[in-house]
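The chain is numbered in sequence order, starting from 1. For ligands, and for the atoms within them, numbers begin at 1 and follow the listed sequence.
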Amino acid sequence: MDLQPSFSFELFPPRTPEGVAKLPAALTQLASLGPNYFSITHGAGGSDQDGTYDTLVTVVEHTGVEVAPHLTCVGSTRVNVARSLHRYQQAGVKRIVALRGDLPRSSANSSAPGDFHYANELVSFIRETCGDAFKIEVAAYPETHPEASCPGADFENFRRKVDAGADGALTQLFYNADAYFDFIERCERAGINIPIVPGIMPITSYERTLRFCTSCGADLPRWVRLRLEQLQNDKPALLDFGLNVVTRLCEALLRNGAPGLHFYTINRAEPTLRLWESLALAVPA
Ligand code: FAD
């Protein structure tokens, strides 16, 4: 296994002309930190398939850093997924983040429309059709996926993705290092030894942090929530507090063996740069 920590930065396809115009400057700053790769999100049902591809091209052109497109399968067909995989192979992509994607709001239960129901089926499909052409990352949920019936069932479903051929996992955001270490212990007991890289969301706003945590079922510790609430009208103080909380989280993770960090950048360089500096991580000469 690679002993150097892996650092990756997640981007999303910009949705406005302003977002498109700002991306190159953010990319240049983020690339200066020497990440292992940039990953690029993908709307469920292929809604922004071209957006993912176009962003991928922009990243390669501006940085030359490896790119890993996310590929969601919910609402998609085998033919469409095969087409995307072919396009990525042609573009020289070597790593895919394979996901189910969020179900359309109209789906009353977890039975997804299309040829795929769960991410493990997508991982199997990629291996069947492309062999080892791609390194496959999947999602992991230290605090349990919000739709899962229980943590045990969710863990078994995570194992299905590993058994189907995942090479590594990136976690959902969390602010509670113990949840991550508990998940790693469960993996060790189950004989799962792929790298599971924590997903890190910098804290830059009270409302946004609350919204992200609520939408993905992440626990925001009470003391953090109360402090952010109190500081919401004092932006510099809130940024400093958020930076301290996330720095301590990252330090604890790296000190105790996390194989790297995956930063949710939301297409902004500043929060990740501040965190990088605060963690005193290396910057390539
Ligand atoms: P799965 O692993 O399929 O799990 C989904 C749910 O189904 C879980 O509750 C699981 O327990 C259950 N389940 C899984 N397999 C089975 C089975 N065989 N039988 C019964 N139940 C099962 N979303 C996007 O739309 N675009 C993105 O680009 C994107 N990027 C992400 C990146 C990361 C690092 C993470 C952590 C999440 C990302 N998401 C993205 C969100 C993700 O799509 C949602 O969390 C989605 O609801 C689940 O996707 P999954 O791949 O984890 O699904």
Side-chain angles (χ1 to χ4, degrees), residues 6-15 37-53 55-56 67-76 81 84 88 95-105 107 109-126 136-174 179-180 183 186 192 194-201 212-218 258 260-267:
S6 159
F7 296 107
S8 45
F9 297 153
E10 186 170 308
L11 306 165
F12 66 87
R15 285 184 279 266
Y37 65 93
F38 284 98
S39 86
I40 304 157
T41 64
H42 178 233
S47 57
D48 61 0
Q49 194 169 309
D50 286 340
T52 304
Y53 189 83
T55 307
L56 182 150
V67 277
H70 295 204
L71 184 57
T72 60
C73 62
V74 68
S76 196
V81 169
S84 295
Y88 287 139
R95 187 192 302 254
I96 297 265
V97 183
L99 302 144
R100 182 194 71 176
D102 281 320
L103 297 172
R105 284 188 211 290
S107 275
N109 56 41
S110 62
S111 58
D115 287 346
F116 300 89
H117 303 93
Y118 298 108
N120 65 296
E121 296 164 23
L122 176 61
V123 176
S124 298
F125 182 74
I126 299 173
I136 304 178
E137 307 288 344
V138 291
Y141 300 87
E143 296 182 293
T144 302
H145 185 266
E147 286 161 32
S149 56
C150 68
D154 200 38
F155 188 79
E156 284 311 307
N157 291 328
F158 174 68
R159 186 213 290 264
R160 285 178 212 266
K161 296 191 278 195
V162 179
D163 291 346
D167 297 293
L170 306 171
T171 79
Q172 186 55 276
L173 68 94
F174 60 87
Y180 173 80
F183 190 79
R186 284 188 281 157
I192 295 172
I194 60 169
I196 298 171
V197 176
I200 302 298
M201 178 71 82
F212 286 144
C213 288
T214 306
S215 71
C216 71
L261 300 171
H262 179 72
F263 295 88
Y264 295 109
T265 71
I266 324 277
N267 290 11

Compute the shortest N/O to N/O distance between [X] and ligand 1 and return yes if it is under 3.5 Å, no if not.
X	value
Asn157	yes
His145	yes
Gly101	yes
Gln172	no
Thr171	no
Glu10	no

Under 4.0 Å to a heavy atom of [X] - the qualifying atoms of ligand 1, by number:
X	answer
Leu170	34 (C)
Ala139	35 (C), 36 (C), 52 (O)
Asn120	15 (N), 18 (N)
Arg160	17 (C), 18 (N)
Thr41	28 (O)
Asp154	8 (C), 9 (O), 10 (C), 11 (O)

Next item on the list: Assess Phe158 for proximity to ligand 1: is some non-hydrogen atom of it under 4.0 Å away?
Entry: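 Phe158: no contact with ligand 1 (<4.0 Å).
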Check: Hey, does Val97 sit under 4.0 Å from ligand 1 if you only count heavy atoms?
Finding: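 It does not; every heavy atom stays at 4.0 Å or beyond.
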Nearest 0.5 Å, please: how far is [atom2] in [Y] from [atom1] in [X]?
X	Y	atom1	atom2	answer
Asp115	Glu121	CG	CD	9.5 Å
Met201	His262	CE	NE2	9.5 Å
Cys73	Leu99	SG	CG	8.0 Å

Notebook entry, point to check: So is Arg95 actually on top of Tyr37's ring, under 6.0 Å and inside 45° of the axis?
Noted result: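 Verdict for Tyr37: a cation-pi partner in Arg95.
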Taking the side chain from [X] and the backbone from [Y], do they hold a donor-acceptor pair closer than 3.5 Å?
X	Y	result
Thr52	Thr41	yes
Asp154	Cys150	no
Thr171	Gly199	yes

Notebook entry, point to check: Any ion pair linking Arg100 and Glu147 (charged N to carboxylate O, less than 4.0 Å)?
Noted result: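 Judged by the 4.0 Å cut-off on N to carboxylate O distance, Glu147 and Arg100 do form a salt bridge.
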Tell me the contacting part of [X] for ligand 1: side chain, backbone, both, or neither, using a 4.0 Å heavy-atom threshold, strictly below.
X	value
Phe155	neither
Arg100	both
Lys161	side chain
His262	neither
Thr72	side chain

Notebook entry, point to check: With side chains defined as the heavy atoms from C-beta onward, is the minimum distance between Ile266 and Phe212 less than 4.5 Å?
Noted result: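 A side-chain contact exists here, since the closest heavy-atom pair is under 4.5 Å.
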Notebook entry, point to check: Can you find a pair of side-chain heavy atoms, one from Leu173 and one from Ile200, that are under 4.5 Å apart?
Noted result: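 Not in contact.
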Item checked: Distance-only donor-acceptor check, side chains His70 and Ser39, under 3.5 Å ->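 Yes - a donor-acceptor pair under 3.5 Å links their side chains.
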Margin query: Given Tyr118, Tyr141, Phe12, identify the one with the heavy atom nearest to atom 50 (P) of ligand 1.
Written below: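 Ranked by closest heavy atom to atom 50 (P) of ligand 1, first place is Tyr141.
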Checklist line | Positive for ring pair (Phe, Tyr, Trp, His ring centres under 6.0 Å) with Phe183, one of Phe174, Tyr141, Phe155 | finding: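 One option only clears the test, and that one is Phe155.
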